[in-house]
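All values derive from a computational prediction rather than experimental measurement. Below, read A as the first sequence line, B as the second, and so on, with proteins coming before strands; counting in each chain starts at 1.
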Number of protein chains: 2
Amino acid sequence: MKLSTRSRYGTRLMLDMAEHYDDGPIHLMKIAQRQGISVKYLEQIIIPLKKAQYIKSLRGPKGGHVLAKPPEEITVGEIVALLEEGDSLVECSQNAEVCERSSVCPTRQVWREAAAAMFAKLDSVTLADLLNRT
Amino acid sequence: MKLSTRSRYGTRLMLDMAEHYDDGPIHLMKIAQRQGISVKYLEQIIIPLKKAQYIKSLRGPKGGHVLAKPPEEITVGEIVALLEEGDSLVECSQNAEVCERSSVCPTRQVWREAAAAMFAKLDSVTLADLLNRT
DNA sequence: GCTAATGTATATAGAAACGATATAGAATAA
DNA sequence: TTATTCTATATCGTTTCTATATACATTAGC
């Protein structure tokens, strides 16, 4: 039930970009160095973030990546839900059909409530909030 | 970030035992059949639950397993924390030394808050509550 | 005491996910 | 045109997950 490095690294990636929001396009290489994460791995993690339009990219010399929205408008919950593929703790929350017991399972509801509590907290924190904390 | 089958099966195991709390020692085999889970796998999952004194067992003929406490006194949060090895979402919540950035990491605090919100919900639900819901 | 019924312990193993790296290609500013 | 940067795919070793198998220990009931 631990968070994967995908969402943890992804959040740090986004936070690093938020920190340099006004500096124009940033090289992934720079972020990788600052955060101590492999560039190659970040290149994978950034893909869904770009698809979901959280990040815009420019190729070529002077290229790089920029947040598509100001840090105030991006929550940690969004990032985690994106990179963990959904905001649930169990598969059957989203797809009831993966388990025949879904309709009568008393535990299923608890997992949904727990996930909701968790994401309510995560959704209440923006990248800007995180920056202000430091 | 999904819950493992350990905590999910473990919770169903405990709930099944709660349901038959007054029937004396229950065979794992029975629970396995009712819940559609392999006996051998349940035998593994039950070990930490016994060590943590949630379950008492009797060997030999007429043996079986019983809850060591009434269902009102066992929360889902306890079971999950036990079987997921801790009530945190990231390793560094418990052991700061696994990451040199722990002391200054702005995301670490968020993961702690999210885990706290999640377990507050899980801790508020007892096995008895779950039984009453059905 | 024996014996059958039950739980206990340990080892093994296939499958899937995780974490990371490598290679080749496409776009573009200068 | 070229150097720089992002993009797309493939690969790969490790770990964790899930499950099964085998051998052993305990004990109620005869």
Colleague: Is any side-chain N or O of Lys50(B) closer than 4.0 Å to OP1 or OP2 of dT8(C)?
Modeller: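 Answer is yes, contact under 4.0 Å.
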Colleague: Quick one: Met1(A) CE to dT16(D) C1', roughly how many Å, whole number?
Modeller: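 Taking CE of Met1(A) and C1' of dT16(D), I get 15 Å after rounding.
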Colleague: Separation of Lys62(B) atom NZ from dA28(D) atom P, in whole Å?
Modeller: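 Value for this atom pair: 12 Å.
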Colleague: So what does Ile37(A) hit on the nucleic acid, given a heavy-atom distance under 4.0 Å: a base, only sugar-phosphate, or nothing?
Modeller: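 Nothing, no heavy atom under 4.0 Å.
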Colleague: Does Ile45(A) reach a base, just sugar-phosphate, or nothing at all? Heavy atoms under 4.0 Å.
Modeller: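 No contact at all - Ile45(A) keeps every heavy atom at 4.0 Å or more from the nucleic acid.
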Colleague: Report yes or no: does Arg101(B) contribute a side-chain atom to a donor-acceptor pair with the main-chain N or O of Gln35(A) at less than 3.5 Å?
Modeller: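 Side chain of Arg101(B) to backbone of Gln35(A): a pair is present.
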Colleague: Return the 5'-most residue of the pair Gln44(A), Glu43(B) with respect to DNA chain C, ranking by each residue's nearest nucleotide.
Modeller: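 Result: Glu43(B).
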Colleague: When the distance from OH of Tyr41(B) to C1' of dT8(C) is rounded to whole Å, what number comes out?
Modeller: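 Spelled out: OH on Tyr41(B) to C1' on dT8(C) is 18 Å.
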Colleague: Examine dG7(C): is either OP1 or OP2 under 4.0 Å from a nitrogen or oxygen in the side chain of His65(B)? Give yes or no.
Modeller: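 Indeed, a polar side-chain atom of His65(B) lies that close.
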Colleague: Would you mind reading off the distance between Lys2(B) atom NZ and dA17(C) atom P, rounded to a whole angstrom?
Modeller: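 So the NZ-P distance, Lys2(B) to dA17(C), works out to 11 Å.
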Colleague: Students often get this wrong, so: under 4.0 angstrom with heavy atoms, is Leu28(A) touching a base, only sugar-phosphate, or nothing?
Modeller: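 Result for Leu28(A) = sugar-phosphate.
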Colleague: So, Glu113(B) and Arg133(A), do they make that salt bridge, N to O below 4.0 Å?
Modeller: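 Yes, Glu113(B) and Arg133(A) are salt-bridged.
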Colleague: Does Ser38(A) place a side-chain N or O at less than 4.0 Å from the phosphate oxygens OP1/OP2 of dT21(C)?
Modeller: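 True: Ser38(A) side-chain N/O within range (under 4.0 Å) of dT21(C) OP1/OP2.
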Colleague: Looking at side-chain heavy atoms only, is the closest gap between Val76(B) and Thr107(A) below 4.5 Å?
Modeller: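 No, their side chains stay 4.5 Å or more apart.
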Colleague: Considering only dT7(D), dA28(D), dG19(C), which nucleotide approaches the side chain of Pro61(B) most closely?
Modeller: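 Given the options dT7(D), dA28(D), dG19(C), the side chain of Pro61(B) is closest to dA28(D).
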Colleague: Could a donor-acceptor pair under 3.5 angstrom be found where the side chain of Lys40(B) meets the base of dT18(D)?
Modeller: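 For Lys40(B), whose side chain was compared with the base of dT18(D), there is no donor-acceptor pair (under 3.5 Å).
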Colleague: Which residue pairs pass the salt bridge (charged side-chain N to carboxylate O under 4.0 Å, His left out) test when at least one of the two sits in residues 58-75 of chain B, sequence neighbours left out?
Modeller: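 For residues 58-75 of chain B: none.
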Colleague: Atom CG of Leu58(B) to atom C1' of dA28(D): distance rounded to whole Å?
Modeller: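 Computing the Leu58(B):CG to dA28(D):C1' distance gives 11 Å.
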Colleague: Over how many whole Å does the gap from Leu83(A) atom CG to dC18(C) atom P extend?
Modeller: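 Nearest whole value for this atom pair: 12 Å.
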Colleague: When the distance from CD1 of Ile46(B) to P of dA9(C) is rounded to whole Å, what number comes out?
Modeller: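 About 12 Å, once rounded to whole Å.
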Colleague: Can you check whether Tyr9(A) has a side-chain N or O nearer than 4.0 Å to OP1 or OP2 of dG19(C)?
Modeller: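 Indeed not, no polar side-chain atom of Tyr9(A) lies that close.
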Colleague: Would you say the side chain of Thr126(A) lies within less than 4.5 Å of the side chain of Ile74(A), judging by non-hydrogen atoms?
Modeller: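 Not touching, per the 4.5 Å side-chain cut-off.
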Colleague: Would you say Thr5(B) reaches dT18(D)'s phosphate, i.e. side-chain N/O to OP1/OP2 under 4.0 Å?
Modeller: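 For dT18(D), OP1 or OP2 has a side-chain N or O of Thr5(B) closer than 4.0 Å.
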Colleague: Measure CZ/Arg59(B) against C1'/dA4(C) and give the value in whole Å, please.
Modeller: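 It works out to 15 Å between those atoms.
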